[in-house]
2 protein chains.
Amino acid sequence: MNARTVPAQVDPSLPKGAGGRQARQGAATLAADLRVALLRCTRRIRAEKSDLELSDTQYSVLSVLDRIGPLTLRELADHERVQPPSMTRAVNGLADRGLATRSDHPVDGRQVLVAVSEAGRAELRETRRRRDAWLARRLAELDPADRAVLAAAKDVLSRIADS
Amino acid sequence: MNARTVPAQVDPSLPKGAGGRQARQGAATLAADLRVALLRCTRRIRAEKSDLELSDTQYSVLSVLDRIGPLTLRELADHERVQPPSMTRAVNGLADRGLATRSDHPVDGRQVLVAVSEAGRAELRETRRRRDAWLARRLAELDPADRAVLAAAKDVLSRIADS
DNA sequence: TATTGTTATACTCTATAACTATA
DNA sequence: TATAGTTATAGAGTATAACAATA
């Protein structure tokens with residue numbers, strides 16, 4: 001079930017507090033406010049570094065490889081919306097640390113298949129809690145209604161990022 | 001109220017829909033998913049450049065100066081959580097374009113007061129719609145309930161970023 | 001001495017352009 | 001010719017260290 005088929009209810013039944021308070025805000029104004037909030041929040045999250053100091057792109061690459069399997073460098077670049085040279089660099093950084101592997105494409109000799117290694121998976125598992133510690137601490141301090149709002153927002157934001 | 005006394009649980013009386021859908025997701029798991037969604041979404045937003053090509057920090061500086069008035073460079077650096085040299089650079093870029101002004105502090109000769117100029121305010125007003133066009137377009141395509149979720153999330157995220 | 005801000009310098013991430021290898 | 005990927009190079013943003021001016 002996704003939010004497209006089962007939308008959250010608006011005004012009358014939203015929980016008190018943050019949800020109902022801004023329900024009437026127009027898309028244009030909301031975009032401005034939301035963008036500022038997203039950028040500020042993201043900067044705070046990014047400030048919490050893991051020991052390995054992987055870039056956002058590198059973490060995202062490990063994550064997508066873990067989720068949907070080996071991809072070519074071009075596919076990774078398209079997925080992350082960076083140029084091929086940037087992805088070459090990001091993947092090389094992962095491969096140098098043993099977190100990802102590069103292998104020849106079975107049929108097309110031009111292509112390179114990138115996969116997450118076992119060490120990469122372990123890194124994803126092991127460091128997510130540490131990487132997310134800052135955010136999780138704040139989430140835990142929220143009241144349940146606000147946390148539910150963010151859980152819902154997460155799905156909506158993912159769809160927006162995919163669009 | 002902290003993470004230990006109030007575990008990441010959700011009130012069963014929450015509404016159905018987007019919020020309720022993920023109501024049981026723990027703070028740790030939610031943190032991971034939310035972080036990925038925030039980072040991906042933010043990267044997409046940032047990819048939409050304005051003509052002036054101000055950095056996130058520069059826009060945020062203009063915005064905060066517009067919102068709460070003149071601040072010293074140190075105060076701006078603390079607020080944006082960057083180091084003083086980075087803020088010097090950001091503010092110089094704004095001042096060079098006439099979007100902000102630098103003036104001597106009335107009592108403390110060491111300090112510099114930074115203020116948004118009229119051109120800076122105009123830039124904020126004029127370019128927000130353009131900067132936010134990408135996001136606003138996606139928001140407009142959402143059903144109202146999902147938009148309400150993001151409006152609520154915006155406030156929660158702002159609080160988190162402030163914490 | 002401590003604090004504010006700047007300069008010097010380096011690092012990371014990204015991009016474009018030019019190149020190699022393969023289809 | 002066209003595509004996949006790499007190398008070379010540059011630009012933006014940030015950081016630390018050293019320094020200047022002021023409190």
Side-chain angles (χ1 to χ4, degrees), chain A residues 39-40 42-63 65 70-97 99-115, chain B residues 39-40 42-62 65 70-97 99-115 131:
Chain A
L39 291 174
R40 291 184 59 225
T42 299
R43 193 159 354 134
R44 290 299 305 272
I45 293 168
R46 244 192 309 240
E48 306 294 316
K49 304 285 192 188
S50 82
D51 287 357
L52 281 187
E53 308 245 335
L54 297 184
S55 70
D56 296 332
T57 297
Q58 286 176 317
Y59 257 101
S60 192
V61 164
L62 280 189
S63 181
L65 291 176
L71 293 173
T72 68
L73 197 140
R74 164 65 69 174
E75 288 168 336
L76 283 171
D78 289 345
H79 189 275
E80 299 302 317
R81 313 210 184 228
V82 298
Q83 294 301 310
S86 301
M87 188 50 69
T88 292
R89 180 190 166 91
V91 166
N92 285 348
L94 293 173
D96 288 349
R97 304 187 217 199
L99 302 175
T101 60
R102 300 166 48 108
S103 54
D104 296 341
H105 192 284
V107 281
D108 190 334
R110 298 170 301 181
Q111 299 186 35
V112 174
L113 271 176
V114 185
Chain B
L39 291 174
R40 291 184 60 224
T42 299
R43 194 161 353 139
R44 290 299 304 270
I45 293 169
R46 243 191 310 238
E48 304 295 316
K49 304 286 191 189
S50 84
D51 286 359
L52 281 188
E53 307 247 334
L54 297 184
S55 70
D56 297 331
T57 297
Q58 285 175 318
Y59 258 100
S60 192
V61 163
L62 280 189
L65 291 175
L71 293 173
T72 68
L73 197 139
R74 163 64 69 175
E75 288 169 335
L76 283 172
D78 288 346
H79 189 274
E80 299 302 319
R81 315 211 182 226
V82 298
Q83 293 302 307
S86 300
M87 188 50 69
T88 292
R89 180 190 167 94
V91 166
N92 285 349
L94 293 173
D96 289 348
R97 304 188 216 199
L99 303 175
T101 60
R102 301 166 45 108
S103 55
D104 295 341
H105 191 284
V107 282
D108 190 333
R110 298 169 302 180
Q111 298 185 37
V112 175
L113 270 176
V114 185
R131 286 266 299 184

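Chain A is the first sequence line, chain B the second, and so forth, proteins listed ahead of strands; every chain is numbered from 1.
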Requested in this report: Take nucleotides 1-10 of chain D nucleotide by nucleotide from the 5' end and write B, S or -, depending on whether a protein heavy atom sits under 4.0 Å from the base, only from the sugar-phosphate, or from neither.
Outcome: --BSSBB---
Query - For atom CG of B/D56 and atom P of C/dC13, their distance in whole Å - result: 16 Å
Query - Counterpart residues, side chain to side chain donor-acceptor pair (under 3.5 Å), relative to B/Q111 (two or more places apart) - result: B/D108
Query - Side-chain N,O (A/S86) to OP1/OP2 (C/dC13) below 4.0 Å - result: no
Query raised in the report: In whole angstroms, how far is the C1' atom of D/dT14 from the CD atom of A/E53?
Result: 13 Å
Query raised in the report: To the nearest Å, how far apart are A/Q58 CD and C/dT12 P?
Result: 11 Å
Report summary line: Students should find that the end-to-end axis angle of the helix from C/dG5-D/dC19 to C/dA23-D/dT1, with five pairs defining each axis and rounding to 10 degrees, is 0°
Query raised in the report: Which part of the nucleic acid does B/V107 contact within heavy-atom distance under 4.0 Å: base, sugar-phosphate only, or nothing?
Result: sugar-phosphate
Query - B/Q83 CD - C/dA8 C1' separation (whole Å) - result: 16 Å
Mind listing the side-chain donor-acceptor pairs of residues 81-95 of chain B below 3.5 Å, one per line with the distance, residues two or more places apart or on another chain?
unit_1 : atom_1 : unit_2 : atom_2 : d
B/T88  : OG1    : B/P84  : O      : 3.2
B/N92  : OD1    : B/R102 : NH1    : 3.1
B/N92  : ND2    : B/T88  : O      : 3.3

Query raised in the report: Do any side-chain nitrogens or oxygens of A/T57 fall under 4.0 Å of OP1 or OP2 in C/dC13?
Result: no
Requested in this report: Kindly write out the residues that satisfy side-chain contact (heavy atoms from CB on, under 4.5 Å) with B/D104, not counting sequence neighbours, or none if the list is empty.
Outcome: none
Query - Which atom of A/L113 lies closest to which atom of A/P106, heavy atoms considered - result: CD1-CD, 3.8 Å
Report summary line: B/R74 meets the side chain to side chain donor-acceptor pair (under 3.5 Å) criterion, sequence neighbours left out, with none
Query raised in the report: Can B/T101 and B/V114 be said to form a side-chain contact (heavy atoms from CB on, under 4.5 Å), step by step?
Result: CA-CA 6 Å; B/T101 60; B/V114 185; over 6 Å; no
**Report entry** With A/S63 via side-chain contact (heavy atoms from CB on, under 4.5 Å) - residues at least two apart
**Finding:** A/R67, A/R128
Requested in this report: Tell me what A/V91 touches on the nucleic acid: a base, only sugar-phosphate, or nothing, going by heavy atoms under 4.0 Å.
Outcome: nothing
Query - Separation of C/dT4 C1' from B/L76 CG (nearest whole Å) - result: 13 Å
Requested in this report: Please report the shortest heavy-atom distance between B/E75 and B/T72, naming the atom on each side.
Outcome: OE1-N, 2.9 Å
**Report entry** Spacing between B/D96 atom CG and C/dT6 atom P, to the nearest angstrom
**Finding:** 12 Å
Query - Worked verdict on B/V61 versus B/E80 for side-chain contact (heavy atoms from CB on, under 4.5 Å) - result: CA-CA 8 Å; B/V61 163; B/E80 299 302 319; 4.1 Å; yes
